[in-house]
Amino acid sequence: MLLNENKLRPLIISHNVICDSTNNGKTIKSIFKNFNDSNISQIYFRNEFPQSDFNSSYFKITDYDIVKSFFSFSNKCGSEIVEIQTNKFPKSSLYKTKPTILYILRDLVWLLRKNKNINLESWLKKCNPSLIFFVASNNRFSYDLALKLSTRKNIPLIVYFTDDYILQNKKYNLFKYLHGYFIKKRFFAACEISILRLVIGNKLGEAYSLMTGKKFETVMNLPILFSNEVENIHNNGSFVFLYIGNLSLNRWKSLLQIAIIIDGLNINTINLELRIYSLENLSSNISNEFNKYKFVKFMGSERDKLKLFQIIKSANIVLHVESFEKKMIEITKFSISTKISEYLAYGKCILAYGPNEIASINFLRENDLSISCISNEELSNAIFKIVSGNYNLIDFENRSLKYFQKNMKDFDLKILLKHLFND
């Protein structure tokens, strides 16, 4: 079947809307940046508004919408979103893992709603999608919707796993067992009928390939590329360690350890700064721990792409950290931060601190793309050597850029789909 530009009408089904603020939102946007955005439609489930320059069609269905339509016996649920917000990036509290029972209850509420949703059907008829791009989650209801639309309307399905919800939670617990059983059942069904299966990292793809016997393509966040001729513009008079991203899942503890080590250096000849950019708010107790160190600067959040690029380029060292706690390792084991691809694309020297079992740390360490530390002792030695000038930072910067250009720059979903449909 020949597929021209106008026939590429992807319907994205995901919990997050396309935007520039959430990890999934901006990763989805980066994957579809080469598409005609007016041909893109999206169904999403969180109470968010589109925050991007995509002129696409959006349909939001929240848990509240489902409950409301269930008790009112209404066959109308959710609504098309026409409001686009480009400059609103609300602060959020530290993310905490949800009890499994909440996922089960949420799935049950969606399952009980049996009425045909005429709002959604009318919107889908107008969008007339030619393929479905499903960002998998830890809820069966989103799997059910993607599988139902794909099979009922005979629309090809692409599934994308940005995190692992299949291999974690191995400890026996009745609720976790039941929830995991239903998720795995849909996971295998989605992998079986999909024309293309994507994952956020190689380790996750390898694990899923062993389970399903299917091939998985690796797709990380694809950052906007500015002029490659822009050199790293380090701050005059200051040596800057830069952290951008989430502080949840106890990443803040590893970041605090970096602050403690920097404080213990007692180097007066260099003005050291640890700058932290995050959308998340720390509790007062955690903030007080960081406030002990005058060189730690909380900078708020910055989502302007060019300004963020300049902030990254101006830092001497960019940081990626993960928690060493066993529970957090289980949750983040196959995760790859969206920031890593940006650091590589912008040619930065990365200081990575976390357990080697986590895919992001392992990826940087295996490919020699960072100053990698998997223990407190290694971290102390590395920071001392960095500040003392014993590392060739430019060598790491060049290596990062070369790796991105060789291995990540040329992914284009639109070209890949044309090959699939035209063969």
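Heavy-atom basis, side chains included; hydrogens, waters and symmetry copies ignored.
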**Student:** Of all the heavy-atom pairs spanning Pro129 and Leu11, show the shortest one and how long it is.
**Tutor:** CB-CB, 3.6 Å
**Student:** Is the backbone of Cys349 close enough, under 3.5 Å, to the side chain of Glu397 for a donor and an acceptor to pair up by distance?
**Tutor:** no
**Student:** With heavy-atom distances below 4.5 Å as the criterion, would you say the side chains of Phe298 and Leu282 are in contact?
**Tutor:** yes
**Student:** Tell me whether Ser400 contacts the main-chain N or O of Gly347 through its side chain, where contact means a donor paired with an acceptor under 3.5 Å.
**Tutor:** no
**Student:** Is there side-chain contact between Ile183 and Asn138, with heavy atoms separated by less than 4.5 Å?
**Tutor:** yes
**Student:** Answer yes if the side chains of Asn47 and Tyr64 hold a donor-acceptor pair under 3.5 Å, and no otherwise.
**Tutor:** no
**Student:** Do Asn271 and Phe295 have side chains that approach each other closer than 4.5 Å (heavy atoms only, starting at C-beta)?
**Tutor:** no
**Student:** Around atom CZ of Phe188, are there more than 12 heavy atoms of other residues, nucleotides or ligands at under 6.0 Å?
**Tutor:** yes
**Student:** For the residue pair Lys60 and Phe49, would you count it as a cation-pi contact if the rule is NZ or CZ under 6.0 angstrom from the ring centre and within 45 degrees of the ring axis?
**Tutor:** yes
**Student:** Within the 4.5 Å heavy-atom criterion, are Tyr58 and Ser41 side-chain neighbours or not?
**Tutor:** no
**Student:** With sequence neighbours left out, what residues match Leu108 under side-chain contact (heavy atoms from CB on, under 4.5 Å)?
**Tutor:** Leu112
**Student:** What orientation do Phe133 and Tyr160 show, parallel under 30°, tilted 30 to 60°, or perpendicular over 60°?
**Tutor:** tilted
**Student:** Can you tell me which residue among Tyr403, Tyr343, Phe334 is in a ring pair (Phe, Tyr, Trp, His ring centres under 6.0 Å) with Phe363?
**Tutor:** Tyr403
**Student:** With sequence neighbours excluded, what pairs up with Asp37 under the salt bridge (charged side-chain N to carboxylate O under 4.0 Å, His left out) test?
**Tutor:** none
**Student:** Among all residues two or more places apart in sequence or in another chain, which pass the side-chain hydrogen bond (donor to acceptor under 3.5 Å, both in side chains) test with Ser38?
**Tutor:** Asn36
**Student:** Should the pair Arg251-Glu322 be classified as a salt bridge under the 4.0 Å nitrogen-to-oxygen rule?
**Tutor:** yes
**Student:** Does the side-chain contact (heavy atoms from CB on, under 4.5 Å) test come out yes or no for Tyr346 and Leu401, once each step is laid out?
**Tutor:** CA-CA 7 Å; Tyr346 301 159; Leu401 184 57; over 6 Å; no
**Student:** A side-chain contact here means heavy atoms from C-beta on lying under 4.5 Å apart; do Ile12 and Ile40 qualify?
**Tutor:** yes
**Student:** Do you know which two heavy atoms are closest between Ser323 and Ile329, and how far apart they sit?
**Tutor:** O-CG1, 3.8 Å
**Student:** Where the side chain of Asn367 meets the backbone of Leu369, is there a donor-acceptor pair that is under 3.5 Å apart?
**Tutor:** no
**Student:** What pairs with Thr62 under side-chain hydrogen bond (donor to acceptor under 3.5 Å, both in side chains), at least two apart in sequence or on another chain?
**Tutor:** Asp65
**Student:** Measure up the Trp123 and Phe59 rings against each other and bin them: parallel (under 30°), tilted (30 to 60°), perpendicular (over 60°).
**Tutor:** tilted
**Student:** Enumerate the side-chain hydrogen bond (donor to acceptor under 3.5 Å, both in side chains) contacts for residues 188-198, please, sequence neighbours excluded, ordered by first and then second residue.
**Tutor:** none
**Student:** Any side-chain donor-acceptor pair under 3.5 Å between Thr27 and Thr338?
**Tutor:** no
**Student:** I'd like to know if Asp144 pairs up with Arg186 as an ion pair, taking the criterion as any Lys NZ or Arg NE/NH1/NH2 lying under 4.0 Å from an Asp or Glu carboxylate oxygen.
**Tutor:** yes
**Student:** Among residues two or more places apart or on two chains, list those pairs meeting side-chain hydrogen bond (donor to acceptor under 3.5 Å, both in side chains) that have a residue in residues 376-387.
**Tutor:** Gln257-Asn376
**Student:** Does a donor on one side chain sit under 3.5 Å from an acceptor on the other, for Glu357 and Asn362?
**Tutor:** no
**Student:** Ignoring hydrogens and geometry, is there a side-chain-to-backbone donor-acceptor pair from Glu289 to Leu256 under 3.5 Å?
**Tutor:** no
**Student:** Under 3.5 Å, is there a donor on one side chain and an acceptor on the other for Ser14 and Gln42?
**Tutor:** yes
**Student:** Residues in side-chain hydrogen bond (donor to acceptor under 3.5 Å, both in side chains) with Lys305, at least two apart?
**Tutor:** Asp20
**Student:** Backbone N or O of Leu247 within a donor-acceptor pair of the Tyr243 side chain at under 3.5 Å?
**Tutor:** no
**Student:** Using the ring of each side chain (for Trp, its six-membered ring), is Tyr177 parallel, tilted or perpendicular to Tyr181, with breaks at 30° and 60°?
**Tutor:** parallel
**Student:** What I want to check is whether the side chains of His320 and Ser370 have a donor and an acceptor closer together than 3.5 Å.
**Tutor:** no
**Student:** Can you classify the ring geometry of Trp110 versus Phe45 as parallel (below 30°), tilted (30 to 60°) or perpendicular (above 60°)?
**Tutor:** perpendicular
**Student:** When you compare the side chain of Arg140 with that of Tyr103, does any pair of heavy atoms fall below 4.5 Å?
**Tutor:** no
**Student:** Using modelled atom types only, decide if a donor and an acceptor are shared between the side chain of Ser238 and the backbone of Val240 within a distance under 3.5 Å.
**Tutor:** no
**Student:** Do the side chains of Val17 and Arg46 get nearer than 4.5 Å, heavy atoms only?
**Tutor:** no
**Student:** Among all residues two or more places apart in sequence or in another chain, which pass the salt bridge (charged side-chain N to carboxylate O under 4.0 Å, His left out) test with Lys339?
**Tutor:** Glu342
**Student:** Taking only residues two or more places apart in sequence, or in another chain, which ones meet Thr162 in a side-chain hydrogen bond (donor to acceptor under 3.5 Å, both in side chains)?
**Tutor:** Asn24
**Student:** Mind checking side-chain contact (heavy atoms from CB on, under 4.5 Å) for Ser209 and listing every partner two or more places apart, or none if nothing turns up?
**Tutor:** Phe216
**Student:** Does NZ or CZ of Arg399 come closer than 6.0 Å to the centre of the six-membered ring of Phe396, within 45° of the ring's axis?
**Tutor:** yes
**Student:** May I ask you to decide whether Glu330 forms a salt bridge with Lys333, counting only side-chain N to carboxylate O separations under 4.0 Å?
**Tutor:** no
**Student:** Is Lys215 paired with Glu217 through a side-chain N to carboxylate O contact shorter than 4.0 Å?
**Tutor:** yes
**Student:** When His15 is tested against each of Phe141, Tyr143, Tyr44 for ring pair (Phe, Tyr, Trp, His ring centres under 6.0 Å), which residue passes?
**Tutor:** Phe141
**Student:** Mind checking what makes salt bridge (charged side-chain N to carboxylate O under 4.0 Å, His left out) contact with Lys253, not counting sequence neighbours?
**Tutor:** Glu325
**Student:** With sequence neighbours left out, write down each residue that passes salt bridge (charged side-chain N to carboxylate O under 4.0 Å, His left out) with Lys33, or none if nothing qualifies.
**Tutor:** none
